[in-house]
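Quick notes on the structure that follows.
Convention: sequence-line order gives letters A, B, ...; per-chain numbering from 1.
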Amino acid sequence: MTLKLHNTMTKAKVPFEPADPKRVTMYVCGPTVYSRPHIGNARPALVFDVVFRLLRHLFGEEHVVYARNITDIDDKINAASQESGRPISDITKEMADIYRGDMAALGVLPPTHEPHATAHILEIITMIETLISGGNAYEAEGHVLFNVPVFDEYGQLSNRNRDDMIAGARVDVAPYKKDPADFVLWKPSSDDLPGWDSPWGRGRPGWHIECSAMIEKHLGQTIDIHGGGHDLIFPHHENELAQSRCSHDGADLARVWMHNGFLTMDKDKMSKSIGNIVTVHELSQEHAGETIRFAMLSAHYRQPLDWSDDLLAQAKNTLDRLYRTLDNLSDVDIPADAKPSDAFIAALSDDVNTPKAMAEMSALCKAANTATSDDERAHLKGQLTTSGAVLGLLQDDPQSWLKSGGDDDAEIDALVAARVAARGSKDFAESDRIRDELSARGITLEDGAGGTKWRRGC
RNA sequence: GGCCGAGUGGCAGAGUGGUGAUGCAGCGGACUGCAAAUCCGUGUACGUCGGUUCGAUUCCGGCCUCGGCCUCCA
């Protein structure tokens, strides 16, 4: 089964061939920790978590190295600190912890490495020195700037030329820049801001250079996959690419560039600057993490996805159905050699087509619900569970999933038992009265061959 | 202005040059004391105008609408 991935650089879906199948490397731009993550921030984390799981499935768990950084030095963090009066390190530590907790709630696996920018200042300085000595960067008024015209291939990833960029530029060009497109590698810090000593005085790194430095340190000069949100293509990834190639004798930074589409709220991009955000924390109060995850993966990662309550409700309904099927398979054990179905892996191998993969899971469900032999039911249970694992779904216990959301299980069990007794004596008036009572409490009953089951929700 | 992407049935959302996935919701049936669940069945969906083709939702071109990037942003 050949994995095919869409490469932003070539705008084509191509077979994925890692440089070393024993060490597949992936880097994804992580959060800048100055506030709680919103659900839009969670999309890349979730998307690349699925890519991570898929790569581990295809190449082996120990053969995939995934790094997702934490940006803990940034002007927005400084602003948050000045506004709240809290020390910067307090804010970054708290928000990084919240980020990890929120992602864990969505079933996102921890990456292999989670490098922090402030722990890589030396590497950053070294890389900047290399760029200066190579003639790709220059110092000006305490700043160090990357000189864009020196790098012929600048603009290749985002498919834009310098004239366009200058024509569309909405920022004032700093007077010390040699070229309007030049961008900052290092900038001076005043005494009240975080800073590190450097050959160019006390200062701090620009945004783009940290990723280049951390990629080199943890993954190497050329990585297999570089991922992030669509809005990072320009300028962030274009600049990363330029810095890394120029400091590595032109070596490619990434073999494949992957970018996820945006989450919208009423068709507008969800973003902190617009203010139309809902945080992961808020959503987690109302919905199971797995429901949020399912909703997110119900669209292909490169497509836009409009976030809504209705989307979550549909996700919950569909997930309930999958868990009901698993619950009905509780009498058979998963075979030791269980693995995902071929059709499921084929779907994910086609540029991580999660909606199609989910459709394959529904097909497995239907097969399981109609299968007659226990061997076949066990086989299908194994396929369903292991397929779900690649998406980070269906790993909960079916009973606890179906009954979660309340703390009155014992009381419900007692009412159900009373109703079973009433039915046994054909007292259907009493039986229906109890069922109505339970229904009013949000409990649904199922009278099956094996007895009566209950679950929360309709 | 430049670049990029999207427009599929009630909703969500894949895919394809020629019987139009899948899920949710709806409807009919089986099953059930009645339900629920499950199963079976069910829907004149592919923005618009042209072109190519024996045949296009799928390829090409124009147009319309919407969104994104070009400044921080996942």
Review point. So Tyr66(A) and Phe52(A), would you call those rings parallel, tilted or perpendicular, with 30° and 60° as cut-offs?
Key: tilted
Review point. Of Asn353(A) and Phe428(A), whose closest RNA chain B nucleotide lies nearer the 5' terminus?
Key: Asn353(A)
Review point. Would you say a side-chain N or O of Asn369(A) is under 4.0 Å from OP1 or OP2 of U38(B)?
Key: no
Every protein N/O lying under 3.5 Å from an N/O of nucleotides 23-25 of chain B:
unit_1: G23(B); atom_1: O2'; unit_2: Thr318(A); atom_2: OG1; d: 2.5
unit_1: G23(B); atom_1: N2; unit_2: Gln314(A); atom_2: OE1; d: 2.6

Review point. How far, in whole Å, is G7(B) from G13(B) if one measures between their C1' atoms?
Key: 13 Å
Exercise for review: Identify whether any heavy atom of Lys76(A) sits under 4.0 Å from a base atom; if not, whether one sits that close to sugar-phosphate; answer base, sugar-phosphate or nothing.
Suggested key: sugar-phosphate
Check your understanding: With a 4.5 Å heavy-atom cut-off, do Thr32(A) and Met95(A) have their side chains touching?
Key -> no
**Study point:** Side chains of Lys187(A) and Asp75(A) in contact at under 4.5 Å (non-hydrogen atoms)
**Key:** yes
Review point. Would you call the rings of Phe234(A) and Tyr154(A) parallel, tilted or perpendicular if under 30° counts as parallel and over 60° as perpendicular?
Key: perpendicular
Point to revise | Salt bridge Glu430(A)-Arg423(A), side-chain N to carboxylate O under 4.0 Å | key: no
**Study point:** Flag for Thr279(A)-Arg36(A): side-chain donor and acceptor within less than 3.5 Å
**Key:** no
Practice item. Determine the interatomic distance between C1' on G15(B) and the same-named atom on U8(B); round to the nearest Å. Key: 10 Å
Check your understanding: Can the ring centroids of His237(A) and His259(A) be said to lie less than 6.0 angstrom from one another?
Key -> yes
Exercise for review: Decide yes or no, distance alone: a donor-acceptor N/O pair under 3.5 angstrom between the base of A74(B) and the side-chain of Arg43(A).
Suggested key: no
Review point. If the P atom of U58(B) is compared with that of C46(B), how far apart are they to the nearest Å?
Key: 11 Å
Exercise for review: Would you indicate what Ser431(A) reaches in the nucleic acid, counting non-hydrogen atoms under 4.0 angstrom: base, sugar-phosphate, or nothing?
Suggested key: base
Revision key, fill the gap. Rounded to whole Å, CZ of Phe294(A) lies from P of U22(B) at a distance of 15 Å
Practice item. Would you check if His300(A) and Thr354(A) make a side-chain contact, meaning some heavy-atom pair closer than 4.5 Å? Key: no
Check your understanding: When the distance from CG of Leu319(A) to P of A12(B) is rounded to whole Å, what number comes out?
Key -> 20 Å
Check your understanding: Would you say the base of C4(B) and the side-chain of Lys11(A) have a donor-acceptor pair closer than 3.5 Å?
Key -> no
Exercise for review: Indicate whether OP1 or OP2 belonging to C73(B) is found under 4.0 Å from a side-chain N or O atom of Trp207(A).
Suggested key: yes
Practice item. For RNA chain B, list all stems, counting runs of three or more consecutive pairs where every pair is Watson-Crick or G-U wobble with both distances under 3.5 Å. Key: B:1-7 with B:64-70, B:10-12 with B:22-24, B:26-30 with B:38-42, B:47-51 with B:59-63
Study note, to complete from the structure: Closest to the side chain of Leu311(A), out of A12(B), G68(B), G13(B), is A12(B)
Practice item. Examine C4(B): is either OP1 or OP2 under 4.0 Å from a nitrogen or oxygen in the side chain of Asn159(A)? Give yes or no. Key: yes
**Study point:** Nearest-angstrom distance, P atom, U22(B) to A14(B)
**Key:** 15 Å
Check your understanding: Checking all strands, does Arg419(A) fall into the base, sugar-phosphate, or nothing category for heavy-atom contacts under 4.0 angstrom?
Key -> base
Review point. Rounding to the closest angstrom, what is the interatomic distance between A45(B) and A37(B) at atom C1'?
Key: 30 Å
Review point. Which whole number of Å gives the distance between the C1' atom of U53(B) and that of C59(B)?
Key: 10 Å
Check your understanding: Could one point to a donor on the side chain of Asp447(A) or the base of C34(B) with an acceptor on the other under 3.5 Å away?
Key -> yes
Practice item. Report which part of the nucleic acid His300(A) touches: base, sugar-phosphate, or nothing (heavy-atom distance under 4.0 Å, all strands). Key: sugar-phosphate
**Study point:** Atom C1', compared across A74(B) and G62(B): separation rounded to whole Å
**Key:** 35 Å
Point to revise | Heavy-atom donor-acceptor pair, Arg423(A) side-chain to G33(B) base, under 3.5 Å | key: yes
Review point. Is there side-chain contact between Ile412(A) and Val416(A), with heavy atoms separated by less than 4.5 Å?
Key: yes
Exercise for review: Provide the distance between the two P atoms, one in G33(B) and one in C27(B), to the nearest whole Å.
Suggested key: 23 Å
Check your understanding: Is it true that atom NZ of Lys339(A) has more than 12 heavy atoms of other residues, nucleotides or ligands lying nearer than 6.0 Å?
Key -> no
Revision key, fill the gap. When Asp350(A) and Asp432(A) are each assigned the nearest nucleotide of RNA chain B, the 5'-most assignment goes to Asp350(A)
Check your understanding: Would you call the rings of Trp401(A) and Tyr323(A) parallel, tilted or perpendicular, where under 30° means parallel and over 60° means perpendicular?
Key -> parallel
